Amino acid sequence: MSELAFEGLDQLRLRRSAKWKAFAPDVIPAWVAEMDFAMAPPIAQALHAAIDRSDTGYAWPQAVGDALAVFGATRWGWLLDPADVIPVADVLTGVGHTLIAVTEPGEAVVINSPVYPPFFTTVVNVAHRTVIDVPLIWNGARHGLDLEGLAREFARPEVTAYLMCTPQNPTGQVFSKADLECVAELASQHGVLVVADEIHAPMAYPGVEFWPYLAVSADRPAVSVISASKAWNIAGLKCAQIVTNNADLTARLRQRIPQEVQHGAGHLGALAAVVAYTEGQPWLDSLVAHLSSQAELLSELLAMHLPLIRFERPMASYLAWFDCRAMDLGQDPAVFFLEHARVALNSGPTFGPSGTGFVRLNFATSPEILTEIITRMGTALR
Ligand SMILES: Cc1ncc(COP(=O)(O)O)c(C=O)c1O
């Protein structure tokens, strides 16, 4: 039986979060990565109980590492040491401060576009390092890693870190174990430290094999930054985790990351993360089954209403990367769809140069709302 409860547009419009406040009431928001489902009941109960006991002080985040270790082991067979878990407020804070701690001024960080836009700004404006882009390669059906490009750029002396998005945002791709092993080998050969943003990892679809990077790179020091925030829709509660597979690396991060950052996790976020990781798997299973069937529905709806959009079937999470170039809607088709369909999407060009002519759609909603979104977009083109 599905544990997932959909909310209708009237209910959703009562929310005060970014997704629902940024646009006029006649716009259906399908942009920022928030989901339209009712909160997982065990998390809602834990939060209500915390409020009832006025338990709103500072986080005591040790329990988060233990809970993540339980989740990592049961979900993926990933054996991590809770002593190597550093809770922080959110994934981007974790990524930015990890990069500052493990690289030096003048060094460069490799990323792969198209990618979550703050990857560029976090490297440049937060960590003050240079970005080197090794774009993903399109093989006719999917985007994948350019392993030759990575080998070439890793060989540059200034490259000391690789910020990898796994599963990938915006394409929804999950990298194979063989690809991750190859990355680990190249990183070790060239002395590059891999920082894997695994925020979308719990949402790999049924039948898709997801490998946590640290489980692949077991004997080579590396970092994962992960959170329950996307998969259980609790980003506003603020709790993410930096994880390493090496005590020396953990010690270095603990020493170099400012204390206020290491105490930045929210108490309600930490409570919610513990419940998500330890009691939230039945709800998560319902979620990923639904997301996978939404991806199926999306493909059918596109064939019917928007056949010129090239759609890459995601393997995880709820983001779809649409190539709109055959429709001649300019560099940023999100502008057209907002104006003429009253649907808010993310602008492709913000994901890097290869995003020109693309949009990103968030389909973490009900089949009815997804149908309305695609129908509106199709009608706008007639
Ligand atoms: C790949 C990726 N990393 C980080 C974030 C932001 O996470 P946080 O709010 O924990 O910083 C997102 C949000 O959608 C994301 O998709």
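In each ligand, atom 1 is the first atom listed, and ligand 1 is the first ligand listed. When a residue number appears, it is its place in the shown sequence, counting from 1. The shown structure was predicted, so the numbers you read here are calculated from the model rather than taken from an experiment.
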Quick one, E104 with R256, criterion salt bridge (Lys or Arg N to Asp or Glu O under 4.0 Å). Give me CA distance, side-chain angles, the key distance, then yes/no. CA-CA 12 Å; E104 301 298 333; R256 290 199 168 189; 3.2 Å; yes

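Residue contact annotation: C165 has a non-hydrogen atom under 4.0 Å from ligand 1.
Listed for the Q241 side chain is no donor-acceptor partner under 3.5 Å among the backbone atoms of V85.
For atom 3 (N) of ligand 1, the closest non-hydrogen atom on the protein side is D197 OD2, 2.6 Å. Of all protein heavy atoms, the one closest to atom 14 (O) of ligand 1 is K230 NZ, 3.1 Å. In terms of protein heavy atoms, atom 6 (C) of ligand 1 is closest to Y116 OH, 3.2 Å. Looking from atom 7 (O) of ligand 1 to the surrounding protein, the closest heavy atom is I199 CD1, 3.2 Å.
The two residues V275 and I43 come nearest to each other via the heavy atoms CG1-N, 3.9 Å. Closest approach of L214 and T244 over heavy atoms only: CD1-C, 3.7 Å.
Only the side chain of A33 comes within 4.0 Å of ligand 1, judged by heavy-atom distances. When non-hydrogen atoms are compared, ligand 1 lies under 4.0 Å from the backbone of D90 as well as from its side chain.
Taking only nitrogen or oxygen atoms, main chain and side chain alike, L92 reaches within less than 3.5 Å of ligand 1. At least one N or O atom of V91, backbone or side chain, sits closer than 3.5 Å to an N or O atom of ligand 1. By the 3.5 Å distance cut-off applied to N or O atoms, K238 is not counted among the residues near ligand 1.
Note on ring orientation: taking the six-membered ring where Trp is involved, the planes of F311 and F322 are perpendicular (angle over 60°, cut-offs 30° and 60°).
When only modelled atom types and interatomic distance are considered, T371 and E368 share no side-chain donor-acceptor pair under 3.5 Å.
Ligand 1 places these atoms under 4.0 Å from at least one heavy atom of H200: 1 (C), 15 (C), 16 (O). Contact atoms of ligand 1 toward N169: 15 (C), 16 (O) (distance under 4.0 Å to a heavy atom of the residue).
Side-chain rings of W31 and Y318 stay apart, their centers remaining 6.0 Å or farther from each other.
Of the options F119, W321, F358, a ring pair (Phe, Tyr, Trp, His ring centres under 6.0 Å) to F351 is made by W321 and by none of the others.
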